[in-house]
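Predicted model, so just to flag it, every value in this text is computed and none were measured. Residue numbers start from 1 in every chain, and the chains themselves are labelled A, B, ... in the order their sequence lines are given, proteins ahead of strands.
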There are 2 protein chains.
Amino acid sequence: MTRRPAPGTRRRILQTAARLFGEQGARAVGMQQIVEETGLGKSVLYREFTGKDDLVKAWVGELHDHAWSQLDSAIARHEGDPARQLLAIVEHAQETARTSDAHGCTFYNTSAEYRDPDHPGRREAVAHLDQLRERLRALAATARATDPGALADMLMLVISGLYANAATLGPSGPVSRSVAAARILIDQHIPAHASAS
Amino acid sequence: MTRRPAPGTRRRILQTAARLFGEQGARAVGMQQIVEETGLGKSVLYREFTGKDDLVKAWVGELHDHAWSQLDSAIARHEGDPARQLLAIVEHAQETARTSDAHGCTFYNTSAEYRDPDHPGRREAVAHLDQLRERLRALAATARATDPGALADMLMLVISGLYANAATLGPSGPVSRSVAAARILIDQHIPAHASAS
DNA sequence: ATCGGTCCGGACCGATCGGTCCCAATACTG
DNA sequence: CAGTATTGGGACCGATCGGTCCGGACCGAT
């Protein structure tokens, strides 16, 4: 071992893959295309990742981490007010869905493109959605919702729907009513609570 | 012109394509695969459809027609009660999303797989969603909703979200709360109205 | 300066993609 | 019944797919 591998290589691949996969969908992007855009050779790509499936999984996984850090900071901004935290999550989702060039939710898009339940990318995506659901449930519980599981699931519907509609009907479509919808659902489930305007 | 073309050919292609596209996603299915499953030759397929894009468009279009006929009959079952009709639409969506092997909403799936806004299949899908939105708005208006556009959009969120969640988190996931969510949103928008249990 | 070893750009692989085309089989016409 | 126009099964096309591998370039130790 006399020569050190370039340090930022993996990250560079991931960034390029993220851009292409995000814009065009994972299935529409070929490995060759990623090779060309990074300027790297194929051998490097296949040393860092075992194959395309692995690259897709890594991409989804990184987005998972990114999403959680964003969500955590959005939640932290309303410490002690769990009802407000629930709304903040939807606000954050609405904001990103409308600005991020309307490609929809990566987690659901990936599930749509790879139907095999054993596909690594799909597993990663489903796992993320499941964790989000659980987090919402926990938040709803501490907010003393009458039925935390129901409220969490209803917010899941709004969040998923918001991304889907942003991707299809544009930023001024139904996505623009998602926060309002979330507010209604939250108020309905938390007795004697009126969310801040 | 001495020989008549086989009559059911186009329909047979469409049915096979619908099954394969629905199960695996349009991008994952090759034309060769459709040829093999139908038993027809490629020349037949390319005489009926100009190419894969055209086949995808026809598939989405047929689902569009099918969806509307189902929706119309669901609506007709509650003539004169527009609020109930809105709920019936969501009920129907929930039912189909949970039973149809959880492949999600074709219209959104197709949009996710084909990002090019000029792709015929995507155009067809977006057009359908837009019509659904407008129909919901009209129904909400005749139901004297305080803000018909808002109610329609919120129901769009629920419907889209319901399909997305059925496809990822399964039939016992958030999709099971979609009718309840819709009921809350409807009641909130229609003064002095309580939807039947 | 020389050498040994590692790295990586890109040629290359078989399979499959969407799409074209040929020709044998077919069924109507005269 | 012979002739002919049309159909449709499938061989074939170049391009591209995901993935492998080789050979020159480069680095570090001696």
Side-chain angles (χ1 to χ4, degrees), chain A residues 1-21 23-60 110 113-116 118-122 124, chain B residues 1-21 23-60 110 113-116 118-122 124:
Chain A
M1 47 195 79
T2 55
R3 191 181 165 191
R4 41 164 183 64
T9 302
R10 190 180 172 93
R11 177 141 306 271
R12 185 141 68 97
I13 294 171
L14 232 26
Q15 279 179 353
T16 303
R19 182 169 49 82
L20 294 175
F21 287 168
E23 286 172 2
Q24 317 184 37
R27 266 202 136 106
V29 177
M31 295 299 262
Q32 184 63 34
Q33 197 173 344
I34 294 174
V35 164
E36 284 164 9
E37 298 245 359
T38 54
L40 269 42
K42 272 202 168 188
S43 55
V44 183
L45 212 161
Y46 278 91
R47 186 165 34 69
E48 293 294 329
F49 303 94
T50 66
K52 186 176 184 180
D53 289 353
D54 190 41
L55 180 55
V56 170
K57 171 184 169 161
W59 165 56
V60 174
T110 304
E113 290 200 296
Y114 297 97
R115 304 293 175 84
D116 177 4
D118 292 331
H119 188 285
R122 188 193 172 94
E124 198 85 7
Chain B
M1 46 196 81
T2 56
R3 190 180 166 193
R4 43 162 183 63
T9 303
R10 190 182 172 92
R11 176 141 308 274
R12 186 140 67 97
I13 295 171
L14 233 25
Q15 278 179 353
T16 303
R19 182 169 49 83
L20 294 175
F21 286 166
E23 286 172 2
Q24 316 183 36
R27 266 202 137 102
V29 177
M31 294 300 262
Q32 183 61 38
Q33 198 174 342
I34 294 173
V35 164
E36 283 163 9
E37 299 245 359
T38 53
L40 269 41
K42 270 202 170 188
S43 55
V44 184
L45 211 161
Y46 278 91
R47 188 165 32 71
E48 293 295 330
F49 304 94
T50 66
K52 186 176 184 180
D53 290 351
D54 189 42
L55 180 55
V56 171
K57 172 185 169 159
W59 165 56
V60 174
T110 303
E113 290 200 295
Y114 297 97
R115 304 292 176 86
D116 178 3
D118 292 331
H119 188 285
R122 188 194 173 92
E124 198 84 8

Each nucleotide of nucleotides 17-22 of chain D classed B (base within 4.0 Å of a protein heavy atom), S (only sugar-phosphate) or -, in 5' to 3' order, makes -BBBB-

Between B/Gly25 and A/Arg115, the two heavy atoms sitting closest are CA-NH2, 3.6 Å

Base-paired stems that DNA chain D participates in, counting runs of 3 or more Watson-Crick or G-U pairs under 3.5 Å | C:1-30 with D:1-30

Contact summary for B/Phe49 and B/Ala58, nearest pair of heavy atoms = CE2-CB, 3.6 Å

Mind listing the closest non-hydrogen atom pair of B/Tyr114 and B/Arg122 along with its distance?
-> O-NH1, 3.1 Å

Taking every heavy atom of B/Val29 against every heavy atom of B/Leu20, the minimum-distance pair comes out as CG2-O, 3.5 Å

Sub-3.5 Å donor-acceptor pair from the side chain of B/Glu113 to the main-chain atoms of B/Ala26, do we have one?
-> yes

Does anything in residues 50-60 of chain A pair up under side-chain hydrogen bond (donor to acceptor under 3.5 Å, both in side chains), and if so which pairs, sequence neighbours excluded?
-> A/Asp53-A/His119

Between side-chain atoms of residues 30-38 of chain B and protein atoms elsewhere (two or more places apart, or another chain), which donor-acceptor pairs fall under 3.5 Å?
residue : atom : partner : partner atom : Å
B/Gln32 : NE2  : B/Glu36 : OE2          : 3.3
B/Glu37 : OE1  : B/Arg19 : NH2          : 2.9
B/Thr38 : OG1  : B/Ile34 : O            : 2.9
B/Thr38 : OG1  : B/Val35 : O            : 3.1
B/Thr38 : OG1  : B/Leu40 : N            : 3.3

